[in-house]
Amino acid sequence: MLAVLACLSSQAHAAQCGNGPGGFEAWKQQFAGEARAKGVGGAGVAALQQTTYASATIAADRSLHSFKLSLDQFLAKRGAPAIVARGRAMKQKNAALFASIEQRYGVPAGPLIAIWGMETGFGSQHGNQNMLSSIATLAYDCRRPEYFTDQLYAALKLIDRGTLSGSQRGSMHGEIGQTQFLPKTMLEYGVGNLESSSGALSSTANFLKAHGWRAGAGYQPSEPNFAAIEEWNAAQVYQKAIALMGRQIDGGE
C-alpha cells in the first residue's frame, strides 16, 4: 500500500504534459521544482523560467513530411547532386582535417561530409529558434515528452556548466551546431565547439565510433557500418541518402 501511495504521489507531482500553450507556464513551474530536486542549479532553472512556448516548433513537429518520400524524391528535395559536388570540393579543401579525424575515429570523410551538407548546408544554416524554448516546449508537449525531457535535462546541465547559454539559437527541435546535435548527444559525444566545422565533424565521428563504427569497413546498407548511420537518424530514407552521398563524395558511384 505504501508503495502504491508513493507512486500515486509521484505521479500527482509530476509536471503534466499539454497539447497547447495554455498550460505551459504552470508546467514550467512544476518542472523547475523537479529539476531542482534532480540537482539542476540556479543558472539552469533561471534559463528554464525564461523560456516561452515555441509554436513554430510544434508546427514543424507536426509536419515532418519529407521522411515519407521515396529515396529518389528525398535526394531531389534535399539537393543531393549539389551536396555531393560541393562535398568533394570540401573534402579536398579540408584534407588534413578529414585525415586527422579518420586516423582518430576511423570514420572517412564521405559520410561526415554528407551529414554536414544535409544538416546545415556545410554550416550555413544553423536555425534561428531559441534552443531551450524549443526543447522545453517539446518536453511539455504530450507527443514525445519522455524523449525531450531527457534532452531538456541535458540542456539545463550544459547551461549550468556554462557550455551553453539560455539564449543559444538552434533549429526547430533544438538542434545546435554544424551537424545539429541535440543536447543529450552533445553532452555524451561532443568534442570541442559544435559551431566550428572541426568540432562538429569530430563530434559526429565520435558519435559514429561510439555506435560501433569500424575503421575500414563498409557503410552501405547491409555493410557493417550502416548500423552506426542508423543510430544517427531514425528515418530510413535519410540513412540511405547519407550512405549513397557519402560513397559518391568518397569517389564511388
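Just so it is clear, the model here is predicted, and its values are computed rather than measured.
Identified under the salt bridge (Lys or Arg N to Asp or Glu O under 4.0 Å) test for residues 172-192, with sequence neighbours left out: Asp150-Lys184. The disulfide (SG to SG under 2.5 Å) analysis of residues 131-165, with sequence neighbours excluded, yields the pairs Cys17-Cys142. For the disulfide (SG to SG under 2.5 Å) condition, no pair includes a residue of residues 161-237, sequence neighbours left out. Screening residues 150-246 for disulfide (SG to SG under 2.5 Å) gives no qualifying pairs among residues at least two apart or on separate chains. Within the structure, the side chain to side chain donor-acceptor pair (under 3.5 Å) test picks out the following pairs touching residues 98-118 (sequence neighbours left out): Trp116-Gln178.
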| query | When you look at Arg62 and Asp141, which way does the side chain to side chain contact (heavy atoms under 4.5 Å, CB included) test go after all the steps? | reply | CA-CA 11 Å; Arg62 300 291 189 268; Asp141 187 67; 2.9 Å; yes
| request: Could you check Tyr153 against Phe31 for ring-ring contact (aromatic ring centres under 6.0 Å, His included), going step by step and ending with a plain yes or no? | output: CA-CA 10 Å; Tyr153 276 123; Phe31 194 91; 5.0 Å; yes
| Please walk me through it: do Gln248 and Arg88 pass side chain to side chain contact (heavy atoms under 4.5 Å, CB included)? | CA-CA 8 Å; Gln248 293 172 343; Arg88 287 172 173 167; 4.2 Å; yes
| side chain to side chain contact (heavy atoms under 4.5 Å, CB included) between Glu195 and His126, worked out | CA-CA 9 Å; Glu195 301 293 346; His126 289 210; 2.7 Å; yes
| message | side chain to side chain contact (heavy atoms under 4.5 Å, CB included) for Leu112 and Val107? Distances and angles first, verdict last. | response | CA-CA 8 Å; Leu112 294 176; Val107 183; 3.8 Å; yes
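Here the side chain of Ser133 pairs a donor or acceptor atom with the backbone of Thr52 at under 3.5 angstrom. Tyr219 places a side-chain N or O within donor-acceptor distance of the main-chain N or O of Gly246, the cut-off being under 3.5 Å. Side chain of Ser167 to backbone of Asn130: no donor-acceptor contact under 3.5 angstrom is found. Within the 3.5 Å criterion, the main-chain N or O of Leu71 finds no donor-acceptor partner in the side chain of Lys240. Using modelled atom types, one side-chain atom of Ser202 and one backbone atom of Ser198 make a donor-acceptor pair closer than 3.5 Å. Checked by atom type and distance alone, the side chain of Tyr189 never pairs as donor or acceptor with a backbone atom of Phe181 at under 3.5 Å. At distances below 3.5 Å, not a single donor-acceptor pair connects side-chain atoms of Asp160 with backbone N or O atoms of Val40. Listed for the Arg78 side chain is no donor-acceptor partner under 3.5 Å among the backbone atoms of Gly117. Under a 3.5 Å cut-off, the side chain of Thr57 and the backbone N or O of His173 do not form any donor-acceptor pair.
Side-chain heavy atoms closer than 4.5 Å link hydrophobic residues (I, L, V, M, F, W, Y) into clusters, and following such links, even through other members, never connects Leu164 to Met172.
Side chains of Phe148 and Arg143 form no contact here, defined as non-hydrogen atoms less than 4.5 Å apart. Side-chain contact between Pro111 and Trp213 is present, with heavy atoms from C-beta onward closer than 4.5 Å. Looking at heavy atoms from C-beta onward, Phe207 lies out of side-chain contact with Thr179 at the 4.5 angstrom threshold. Asp61 is listed as a side-chain neighbour of Arg144, based on a closest heavy-atom distance under 4.5 Å. No side-chain heavy atom of Lys38 sits less than 4.5 Å from a side-chain heavy atom of Lys157. Thr163 is listed as a side-chain neighbour of Met186, based on a closest heavy-atom distance under 4.5 Å. Two residues are said to be in side-chain contact when any heavy atoms from C-beta on lie closer than 4.5 Å; Asn225 and Ile229 fail this criterion. Side-chain atoms of Asn19 and Ile58, non-hydrogen and from C-beta on, never get closer than 4.5 Å to each other.
For Ala114, the side-chain contact (heavy atoms from CB on, under 4.5 Å) partners are Ile242, Met245, Ile249, not counting sequence neighbours.
Heavy atoms of other residues, nucleotides or ligands lying less than 6.0 angstrom from CD of Gln236 number 12 at most. Atom CZ of Arg214 has 12 or fewer neighbouring heavy atoms from other residues, nucleotides or ligands inside a 6.0 Å radius. No more than 12 heavy atoms of other residues, nucleotides or ligands sit less than 6.0 Å from atom CD of Gln50.
Residues Leu194 and Ser203 share a closest heavy-atom pair of CD2-OG, 3.1 Å. When all heavy atoms of Gln30 and Ala15 are compared, the pair lying nearest together is OE1-CA, 3.5 Å. When all heavy atoms are compared, the tightest approach of Gly87 to Ile113 is CA-CG2, 3.5 Å. When all heavy atoms of Ala32 and Val45 are compared, the closest pair comes out as CB-CG1, 4.2 Å. Contact record, Tyr238 with Glu119: OH-OE2, 2.6 Å, taken as the closest heavy-atom pair. Taking each heavy atom of Pro221 and Ala243 in turn, the nearest pair found is CD-CB, 4.1 Å.
Rounding to the nearest 0.5 Å gives a distance of 5.0 Å between CG of Leu208 and CD1 of Ile115. Note that the NZ atom of Lys77 and the OG atom of Ser70 stand 12.0 Å from one another [nearest 0.5 Å]. Annotation: the span from Ser124 atom OG to Arg86 atom CZ amounts to 6.5 Å, rounded to 0.5 Å. Note: Lys91 NZ to Leu97 CG = 13.0 Å, rounded to the nearest 0.5 Å. Separating the OH atom in Tyr53 from the NZ atom in Lys28 is a distance of 13.0 Å, to the nearest 0.5 Å. In this structure, CG in Leu152 is found 6.0 Å from CG in Leu48, a value given to the nearest 0.5 Å.
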